[in-house]
Amino acid sequence: MREVAAPMRTAPIAPMVAKQAWAEYIKLFRVPAFSTTSIVLPTMFFAFIGLGQSRQPLFHGAHVTFGEYFLASMALYGVANVMVLGFGISLANERGQKQDLLMQSTPLPAAVFFVAKSLSALAIALIALLVLCVFAAVVGGVELTANQWWTLAYRAMLCSIPFIGLGFALGYLAGPNSAPAVTNLIYLPTAFASGLFFPLNFLPQFLQNIAPYLPLYRGAQLVWDAVGAPISGGSLTNDWLDMGAYTVAFFLLALWAYRRDQGRKFN
Amino acid sequence: MVELHRVSKRFGAVQALDEVSLTIDSGDVVAMLGPNGAGKTTAISVMLGTRRPTSGAARLFGLDPRDVRARSRIGVMLQESGVPGMLRVKEIVSLFASYYPQPLKTAEAIEIAGLSEKSSSLIKDLSGGQRQRLYLALAVCGDPDVLFLDEPTVGMDVEGRRRFLQEVGEFAARERTVVLTTHYLEEADQLAKRVIVVDRGHVIADATPASIKARVAGKRIAFTSTTPLTAADLEGLPLLSSQVADGHVRLLTNQPEAVLRELFRRGVDMQSLEVAGADLEEAFLAMTRHGNER
C-alpha cells in the first residue's frame, strides 16, 4: 500500500462548533412555523390563560398569585417545547430530506453536530423564556425579586436539558410526516398531566397519581419553587436527582435511536 | 489513494458488488460507468465509508475511510442528498469549509461551481441545476485531494451538463483526483482519462475512453407498432439485443440499414421510428451479452 506523504490534518473543533451552532440557529429561526410557535406560544398561553387572573391568589388562601404560578409553568413549558417539538420535528424533517446523507461523508464529527444543534436550541429556548418573562412582568404585572427571576431562569434552562435528549430520540424515531403528530401527542398531554396549565389538585385523581412520574412534573416543582409556589411533596434535591436520571435515560434513548437509524441507512 | 480490496456487498438477496478490487492513484480522473443498478453508487459508498462492505476492505489514503483525517481530504457529491433550504448559498459553503483544515475561500468555491450570482440566495430558491452546482461548491470547498461525484449531472440539460463538466475538469486540472459515476458515455469521454465499466457488481472493463467506446458501437432502432410483433418478425435479424413491451420496440444493432430494410420487407408496422446512437445502458446490455434476458 502506497503511503501518502501529504499532511494528515483535521480542522480545529471550536470554530466548527461555533459555525455549526450558528447555522443551526438561523436555520431554525428562519422557519416561521418553528420560530413563532416556539418563541411566541408560551407567551400567548400566558396572555390567554394567565392575564385575566394574574393577580389573584392561586387558590383560596394562597399567598402565591396565579400569575406567578402560571409564569413558572409556561417558562418550563416553553423551553421544553423548543426541545421536544422544534427539535424532534426539525430533525425528522432533515432526515426526510436526506440531509444526513451528505453530512455523513464530511469530516464533521457527529458529536460536534449534536452539541451545535443543542446549543442552537438552547439559544431559542432562552429567547422564548426572555420574551415570556418580559411580557409577564410588563403586561401581566407579575412581581418577583431579582433573585427569584434569576432562579426561575436558570432552573427552567437546566430543566430543558433532559428534553434535548427526548427531542433527539423522537427526531430519530418518528418519520418526517408523523413527527408533528407524534411529538404533540406525547408532549401536550404530559404538560397538562404535570399540572402546568392547571394546578394538580384541580385535575382528576388518576392524573394526580401519574404526575409524580413525569419529567415535566419534576421540573415543575423546581420552577414553582423558584417563584415561591407551594411544592406538592418531596424535596428539591430529589427533583434535581430525578431530572438528572431523566437526562441520562433520554440521552441513552436518543443514542439508541441514532444508532438504529444509522445502522439502517449506512450498512 | 483510493483502494478497494476484494470488496463484496450484499443487500439481502442482491449482490451489489462481487469481489471488486481496484486502485485509483493520485491525479487519476476516473469515470465509473454502468447501467442503473450496476453497483456504481455502492462502490462509491464503500470508498467513502458510508457503507460497510460485507467482505473485503476499502482504504482512503491508506486509512479507514471513516477516519476523520481521510475525510478531511475528500469532497463528495451524492445522489439525492439534501441540504437545508433556509440557509443561503454562501452560508452553507462557509459552514462546510469550516469542516476542513485548509479550505478554499468561500467565494472561490462558489465561483468554481459557477454559482457566484446566487451566492446570497436561499437554497430553497435554487433550481435543480443550481442545486447540483451548490453540491459541487460544497464538494470542492475543502480543497480536497480526491473529489467523488456520484451521478453529478442528473437532471441537467445538455448545455448545463457540458458547462458543469468543464468546471469539474478545471478543478481536476489542479492535479486533483476525481472519481465520478455516470451512465452517460459522453461525460466519461469529456472528462476521464480512465473508464471503469461496472455491471452486475463486477468490473467488466478498465481502460481509456477511446477503447471502451470502440466496444460499444451500435445503433438503436426504436418504434411503436399497432399490430403485435411476433417472434418471426425479428427472426434472423442481425441484432445485439431486442426489447418488446406494449407495442414499444427497441432494437440494438451494428447494421441498422440491413435491419430496417428487412423489417420493411416483412411488412412490420412501424410508427414514430427513431434511429439513434446506442445509449450506454443498451450498449452494455449487448456488451455483457445478457440483453435477451430482459
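Residue numbers start from 1 in every chain, and the chains themselves are labelled A, B, ... in the order their sequence lines are given, proteins ahead of strands. What's counted below: heavy atoms across the whole structure, side chains too, no hydrogens, waters or symmetry copies.
No more than 12 heavy atoms of other residues, nucleotides or ligands sit less than 6.0 Å from atom NE2 of B/His5. The neighbour count for A/Arg260 CZ, taken as heavy atoms of other residues, nucleotides or ligands under 6.0 Å away, is above 12. Applying the 6.0 Å contact sphere to CD of B/Gln15 captures more than 12 heavy atoms from other residues, nucleotides or ligands. Enclosure of atom CH2 in A/Trp149 by more than 12 non-hydrogen atoms of other residues, nucleotides or ligands within 6.0 angstrom is indicated. Within a 6.0 Å radius of CZ in B/Arg52, no more than 12 heavy atoms belonging to other residues, nucleotides or ligands are found.
Taken from OG1 in B/Thr50 to CG in A/Leu101, the straight-line distance is 7.0 Å, to the nearest 0.5 Å. We find the NZ-CD1 distance between A/Lys27 and B/Ile92 to be 7.5 Å, quoted to the nearest 0.5 Å. Note that the CE atom of B/Met86 and the OG atom of A/Ser35 stand 8.5 Å from one another [nearest 0.5 Å]. To the nearest 0.5 Å, atom OG of residue B/Ser98 and atom CE of residue A/Met16 are 6.0 Å apart.
Residues A/Ala11 and B/Pro101 share a closest heavy-atom pair of CB-N, 3.8 Å. What you find for B/Val68 and A/Pro107 is that their closest heavy atoms are CG1-O, 3.6 Å. A pairwise comparison of heavy atoms in B/Arg71 and A/Ser105 identifies CD-O, 3.4 Å as the closest pair.
Contacts with chain A were tallied for B/Leu122, B/Leu48, B/Thr23, B/Val83; B/Val83 has the most, counting heavy-atom pairs under 4.5 Å. Of the residues considered (A/Leu108, A/Val31, A/Leu28), A/Leu108 shows the highest number of contacts with chain B, using heavy-atom pairs under 4.5 Å. When each of A/Gln104, A/Gln97, A/Lys19 is scored by its heavy-atom pairs under 4.5 Å with chain B, the top score falls to A/Lys19. The residue among B/Lys9, B/Arg51, B/Arg69 with the most heavy atom pairs within less than 4.5 Å of chain A is B/Arg51. Ranked by heavy-atom pairs under 4.5 Å with chain A, the list B/Ser94, B/Ser45, B/Gly49 is led by B/Ser94.
Neither the backbone nor the side chain of A/Glu94 comes within less than 4.5 Å of any heavy atom in chain B.
Under the 4.5 Å side-chain criterion, counting only non-hydrogen atoms from C-beta, B/Tyr99 is not in contact with A/Val112. For the pair B/Phe96 and A/Met103, the minimum side-chain heavy-atom distance is below 4.5 Å. Under the 4.5 Å side-chain criterion, counting only non-hydrogen atoms from C-beta, A/Ile26 is in contact with B/Leu87. Using a 4.5 Å cut-off on side-chain heavy atoms (C-beta onward), B/Leu95 and A/Gln20 make contact. Counting heavy atoms from C-beta on, the side chains of A/Arg30 and B/Arg88 come closer than 4.5 Å.
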